[in-house]
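Before any comments, here is the structure.
The residues of the chain are indexed from 1 along the displayed sequence.
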Amino acid sequence: YYQPLFSHVCRMVYSPDMAEDIVSDVFLNFWQAQAYLNVKTTYGAYLLMSVRYAAFAHLKREFRHDSLDNPGDLPLPQTEPSAESIMLYD
């Protein structure tokens, strides 16, 4: 199941390393929570939906992360040069 799941997530997050982490985490949670005992559909369908939701959660966290592209985060330019910059310029 790994290769198709990895390929699917890689197309969603555009990062092979992140896709590998997401798929590995889904497999780990699937095993630790013993979710395989409660699967009503096929394992492939269950895992595909699990990695899809995990990738969406990752993208949601990534887009919520504040970046420097936000103009409110940029420092305001100084209107007057500092004394140090005047001395360095001279």
Side-chain angles (χ1 to χ4, degrees):
Y1 296 110
Y2 180 82
Q3 189 57 40
L5 296 174
F6 172 77
S7 176
H8 184 70
V9 174
C10 196
R11 283 181 271 147
M12 293 176 71
V13 297
Y14 298 109
S15 170
D17 293 332
M18 185 54 63
E20 185 176 323
D21 290 344
I22 290 171
V23 174
S24 298
D25 287 343
V26 167
F27 276 120
L28 180 65
N29 291 336
F30 184 72
W31 181 257
Q32 286 181 339
Q34 295 183 349
Y36 52 86
L37 299 175
N38 300 323
V39 174
K40 302 289 187 227
T41 61
T42 63
Y43 289 132
Y46 182 88
L47 290 170
L48 181 64
M49 291 307 295
S50 296
V51 296
R52 184 177 292 168
Y53 289 137
F56 285 146
H58 166 74
L59 292 173
K60 190 175 184 180
R61 282 189 308 271
E62 187 176 297
F63 285 126
R64 281 189 180 168
H65 179 57
D66 293 334
S67 66
L68 290 178
D69 295 336
N70 187 355
D73 292 343
L74 297 175
L76 296 175
Q78 294 180 350
T79 56
E80 296 181 24
S82 66
E84 181 182 358
S85 63
I86 292 173
M87 288 179 59
L88 289 173
Y89 179 75
D90 288 341

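The residue from Ile22, Leu47, Val26 that alone fulfils the side chain to side chain contact (heavy atoms under 4.5 Å, CB included) condition with Leu5 is Leu47.
Evaluation of the side-chain hydrogen bond (donor to acceptor under 3.5 Å, both in side chains) test over residues 21-35, restricted to residues two or more places apart or in two chains, returns none. Residue pairs meeting the side-chain hydrogen bond (donor to acceptor under 3.5 Å, both in side chains) criterion with at least one partner in residues 6-18, sequence neighbours excluded, are His8-Arg52.
Here the shortest heavy-atom pairing between Ala55 and Val13 reads CB-CG1, 4.3 Å.
Grouping the Ile, Leu, Val, Met, Phe, Trp and Tyr side chains by contacts below 4.5 angstrom, directly or via other members, places Met18 apart from Leu28.
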Taking only distance into account, with no hydrogens and no angle test, what donor-acceptor pairs under 3.5 Å do side-chain atoms of residues 38-46 form with protein atoms, sequence neighbours excluded?
from  : atom 1 : to    : atom 2 : distance (Å)
Thr42 : OG1    : Ala45 : N      : 3.2
Tyr43 : OH     : Tyr36 : O      : 3.4

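In this structure Tyr2 satisfies the ring pair (Phe, Tyr, Trp, His ring centres under 6.0 Å) test together with Phe6, sequence neighbours excluded.
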